[in-house]
Amino acid sequence: MPTIPAVLRLRRFVIEEIIWESVNVYTLVLIPEQVEDAFDFIAGQWVYLHPLNEDGSSWGKAAFSIASAPASQPGRIELCIEIKGELTRRASKLGVGHVVGLQGPFGVFTVRSTDEAPFLFLAAGIGITPLRSMIEQLLAQGSEQPIHLLYSSREIESFVYWERFEMLRQRYPSFHPTCTLTGSVPAVWKDEHGRINGAMLDRWLPAVSHATFFMCGPEAFMQDMQRLLVERGIDTKKQIRRESFGS
Amino acid sequence: MRIVVDRQICIGAAACVIVAGKTFQLDAEGKAEVVNGAAKEQTEETSAALSSIENDDCQTIIDGALSCPVNAIHLYEDDGTQIV
């Protein structure tokens, strides 16, 4: 009988906490039910989340990037989920102590040892999830290389993890987060306003020729960013790493 | 049997590479392709005869196709019947 690849084994994780990040985005904090359910992952990878039926079988599955960093707490997994469809709604109604299934980790959207610093992260909306994992892992590893984040969101209420990034900014001088609001702007707003365009990128980009860009967001955002970076002489194949969402 | 990767749909999530790494790899554009597969066709697909694939057993290749989050990989029997 063929052996199931380890990444496809349905691992049982217990919901430790559900944190509502905005009106339609929540973080599931998961811990392995048994020691053998735990798995190692690389910052930036994703997993399949399976809500379970009463008999422990899978109700369905959907892919989500891991939001937490491997260095944060061994075995612990955080998934940032935007409510879109029945599975994400169903998972949002689970409670602390409920068990879900995870398969993985998958993906190659990760920081590699050959990547050249500075590291420049571009995110829109829920695309911040794998970037949070990568940024926190780099900082936890003691990286002193400059890490820049340009994060776009429609409204201030929709910024996911912004308080975490503010805390990290104060703790790590090498971390430089900037956010831009594309919708209404509060009176006290000091960061950028509007969609990321060439002028904003020019203000934000450090004056270096060598850098690695990591981008994640809706497809229109990805295409815009790629075009703007190519216009600025960035090598698409060597310097740009991207993670797309399925529809 | 044939493996077909629809490059229009593939988002480079790389689940197939992790599950069946002897069969699938990412190309320079970050899209899945079949290792040592047939030359890319003029269409937006890359495909290969399953018999040309070594090392991964059939179930692993099926698992690799099923692991794709956007269903970009399709497997067909010789008679054209779709497996995945």
Just wondering, more than 12 heavy atoms not from [X] lying within 6.0 Å of its [atom1]?
X        : atom1 : result
A:Arg232 : CZ    : yes
A:Arg227 : CZ    : yes
A:Glu219 : CD    : yes
A:Asn53  : CG    : yes

Contact leader toward chain A among B:Ala15, B:Cys16, B:Gly12, B:Ala14, where contacts are heavy-atom pairs under 4.5 Å =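 If we count pairs closer than 4.5 Å to chain A, B:Ala15 comes out on top.
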Shortest non-hydrogen separation from [X] to [Y] and the atoms involved:
X        : Y       : answer
A:Trp46  : B:Ala13 : NE1-O, 3.1 Å
B:Asp63  : A:Pro5  : OD2-CD, 3.8 Å
A:Phe106 : B:Ile18 : CA-CD1, 3.5 Å

inquiry  = Can you tell me which portion of B:Leu66 sits under 4.5 Å from chain A's heavy atoms? Options are side chain, backbone, both or neither.
reply    =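 The backbone, not the side chain.
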request  = Could you tell me which portion of B:Cys68 (side chain, backbone, both or neither) has an atom closer than 4.5 angstrom to a non-hydrogen atom of chain A?
outcome  =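 The backbone, not the side chain.
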key: Any A:Leu8 side-chain heavy atom under 4.5 Å of B:Val19 side chain   =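 The answer is yes; the side chains approach within 4.5 Å.
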request  = Measure distances from A:Val7 to the heavy atoms of chain B and classify the residue's part below 4.5 Å as side chain, backbone, both or neither.
outcome  =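 Answer is side chain: those atoms of A:Val7 sit under 4.5 Å from chain B.
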